[in-house]
Asks: 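This is the structure I want to talk about, given as structure tokens.
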Amino acid sequence: MYCLETANLVHKFSEKEIVLNDISLQVSEGSIYGFLGPNGAGKTTTLRLILGLLKKQQGEISIFGKTFEKNRVGILKNIGSLIENPSIYGHLTAIENLTLLQKIYQCRKSRIQEVLNIVGLPNTAGKKARQFSLGMKQRLSIAIALLHNPSLLILDEPTNGLDPNGMIEVRELLTKLNQENGITIVISSHLLAEIEKLVTHIGVINKGKMVFQGTLDELKNKQKELLFIAFETNDNERAIRILSKENINPKIDGTKILIPSVSKNVIANIIQQFVNNNIEVYEVSLIKNDLEAIFMNLIKINK
């Protein structure tokens, strides 16, 4: 079952400036969905439309199996969000910030200390929010988003500006919320290397278009499509002619010849043919692209 689903979302700032073009998200219940793309790709605009912060122009939005437009108030009561900058009052303490919203949400007062414990800010009663580090502010913002005990958490770049230790802390917190509290999480970012340690599902957007959507394992399977065998020889031109006769499509990368991954037997045969033709083989190696390279490749292909 999908906790969140959009169909054919289109958003324009003008006829010439199409920000989103046919965006269809499918976020499974209980998942951590990484919404990835370079800065300016349309991530924040999509999340704002989902939360009703922008007026929908075209397409459909369904949350908890209900149409957003017809069930807006009830749906939003079950969503916690952090979009762009933390919305906190610097002159107030963490408890005072939470108390303001506790009265709005009309949830029990004991929930304030509960969420502070959850996000790792249990002993900040006398400290003003302006004195918090960026990581602490992010934690407080997540505590605010959790105050009314939502089923869905939508976070826009929550690790933006954090140091490596702060990123780890937020990642561990979100994993705990998902695994122990069963909260479905949608998290946007432009950092695949960080997000891949957290998410179960991934959607990649570039220039307002979806270029990939699926599980993390499905994205990792794309690594197999980007495996290459590299040969370094003393005569790459003749080596390429030999490979072409074998219906192998080689390409040059610097001083090396790259071919799509093949079996060990085929590699042995290629080397034998090189030797038979007096071509010296200096090196044979496997080139395997990581997920960051796959991400960049997806972006490059869909420019």
Side-chain angles (χ1 to χ4, degrees), residues 3-4 32 35 43-56 61 63-64 66 68-69 71-163 165-167 169-178 180-189:
C3 178
L4 164 63
I32 302 180
F35 191 35
K43 301 186 300 296
T44 299
T45 300
T46 302
L47 298 184
R48 284 181 170 273
L49 284 168
I50 289 169
L51 291 168
L53 299 174
L54 284 177
K55 186 177 181 180
K56 181 170 66 68
I61 300 170
I63 304 176
F64 309 127
K66 299 178 180 179
F68 183 78
E69 289 172 308
N71 303 274
R72 179 189 178 105
V73 175
I75 286 173
L76 290 177
K77 284 181 178 179
N78 226 354
I79 298 178
S81 64
L82 167 58
I83 303 296
E84 296 183 313
N85 299 318
S87 300
I88 56 178
Y89 294 101
H91 65 289
L92 300 180
T93 66
I95 290 178
E96 288 168 342
N97 269 283
L98 287 165
T99 298
L100 287 174
L101 287 161
Q102 176 261 326
K103 292 178 179 178
I104 294 173
Y105 291 140
Q106 297 182 343
C107 54
R108 50 188 168 81
K109 280 190 176 182
S110 59
R111 181 65 180 162
I112 292 173
Q113 194 57 52
E114 284 180 13
V115 293
L116 287 175
N117 291 338
I118 289 172
V119 302
L121 295 175
N123 302 308
T124 55
K127 193 173 185 179
K128 303 295 184 184
R130 64 169 171 263
Q131 298 173 301
F132 284 10
S133 66
L134 183 55
M136 291 174 70
K137 288 178 180 177
Q138 293 290 69
R139 284 174 172 273
L140 177 55
S141 294
I142 294 173
I144 291 171
L146 292 172
L147 189 60
H148 56 300
N149 202 23
S151 300
L152 172 63
L153 198 57
I154 297 178
L155 306 174
D156 185 24
E157 301 270 8
T159 60
N160 205 18
L162 297 183
D163 59 23
N165 188 58
M167 289 183 179
E169 289 178 352
V170 171
R171 188 171 72 234
E172 289 176 347
L173 168 61
L174 296 179
T175 300
K176 182 180 178 182
L177 289 171
N178 175 256
E180 296 184 9
N181 299 80
I183 298 175
T184 303
I185 299 173
V186 177
I187 176 172
S188 77
S189 180

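Since the model is a prediction, treat every value here as computed from it, not as a measurement.
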Asks: Walk me through whether Ser188 and Leu47 qualify under side chain to side chain contact (heavy atoms under 4.5 Å, CB included).
Replies: CA-CA 9 Å; Ser188 77; Leu47 298 184; 4.0 Å; yes
Asks: Measure the shortest side-chain to side-chain distance between Val170 and Leu155 over non-hydrogen atoms and say whether it is less than 4.5 angstrom.
Replies: no
Asks: Tell me whether Thr124 contacts the main-chain N or O of Lys127 through its side chain, where contact means a donor paired with an acceptor under 3.5 Å.
Replies: no
Asks: Measure the shortest side-chain to side-chain distance between Gln113 and Leu116 over non-hydrogen atoms and say whether it is less than 4.5 angstrom.
Replies: yes
Asks: Starting at CG of Asn165, measure out to OG of Ser133 and round the result to the nearest 0.5 Å.
Replies: 9.5 Å
Asks: Closest approach of Ile88 and Ser141, non-hydrogen atoms and distance?
Replies: CG2-OG, 4.0 Å
Asks: Apply side chain to side chain contact (heavy atoms under 4.5 Å, CB included) to residues His91 and Lys128 and explain how you reach the verdict.
Replies: CA-CA 6 Å; His91 65 289; Lys128 303 295 184 184; 5.6 Å; no
Asks: As an exercise, state the distance from CG of Leu100 to CD1 of Ile95, rounded to the nearest 0.5 Å.
Replies: 12.5 Å
Asks: With side-chain contact (heavy atoms from CB on, under 4.5 Å) as the test, pick out the partner of Asp156 among Val186, Thr44, Leu82, Ile187.
Replies: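 Among Val186, Thr44, Leu82, Ile187, the one meeting side-chain contact (heavy atoms from CB on, under 4.5 Å) with Asp156 is Thr44.
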Asks: Decide yes or no for Ile79 and Phe64: does some side-chain heavy atom of the first lie under 4.5 Å from some side-chain heavy atom of the second?
Replies: yes
Asks: Within the side chain of Asn78, is there an N or O that forms a donor-acceptor pair under 3.5 Å with the backbone of Pro150?
Replies: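 Absent.
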Asks: What verdict does the side chain to side chain contact (heavy atoms under 4.5 Å, CB included) test give for Gln138 and Glu169, after you've listed the backbone C-alpha separation in whole Å, the side-chain angles of each residue and the deciding distance to 0.1 Å?
Replies: CA-CA 10 Å; Gln138 293 290 69; Glu169 289 178 352; over 6 Å; no
Asks: So Lys109 and Gln102, do their side chains get closer than 4.5 Å, heavy atoms only?
Replies: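 Gln102 vs Lys109: side chains touch.
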Asks: What distance separates Arg48 CZ from Ile83 CD1, expressed to the nearest 0.5 Å?
Replies: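 Going from CZ on Arg48 over to CD1 on Ile83, the span is 7.0 Å.
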Asks: Would you give the length of the straight line joining atom OG1 of Thr99 to atom CG of Leu92, rounded to the nearest 0.5 angstrom?
Replies: 9.0 Å
Asks: Could you tell me which non-hydrogen atom of Asn71 sits nearest to which non-hydrogen atom of Lys66, and how far apart they are?
Replies: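 Taking Asn71 first and Lys66 second, the nearest heavy atoms are ND2-CB, 3.6 Å.
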Asks: What distance do Leu101 atom CG and Leu147 atom CG have between them, rounded to the nearest 0.5 Å?
Replies: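 Reported to 0.5 Å precision, the distance equals 6.5 Å.
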Asks: Show the nearest heavy-atom pair for residues Pro122 and Asn117, with the distance to one decimal.
Replies: CB-OD1, 3.2 Å
Asks: I need the single residue from Leu146, Ile144, Leu121 that forms a side-chain contact (heavy atoms from CB on, under 4.5 Å) with Leu98. Which is it?
Replies: Ile144
Asks: Take Ile118 and Leu173, measure what side chain to side chain contact (heavy atoms under 4.5 Å, CB included) needs, and give me the verdict at the end.
Replies: CA-CA 8 Å; Ile118 289 172; Leu173 168 61; 4.1 Å; yes
Asks: Of the options Ile63, Ile61, Leu152, Ile50, which is the one that meets Ile75 in a side-chain contact (heavy atoms from CB on, under 4.5 Å)?
Replies: Ile63
Asks: Just verifying a value: how many Å separate Thr46 OG1 and Leu51 CG, rounded to the nearest 0.5 Å?
Replies: 11.0 Å
Asks: Just by modelled atom types, is the Ile183 backbone N or O under 3.5 Å from a matching donor or acceptor in the Asn181 side chain?
Replies: no
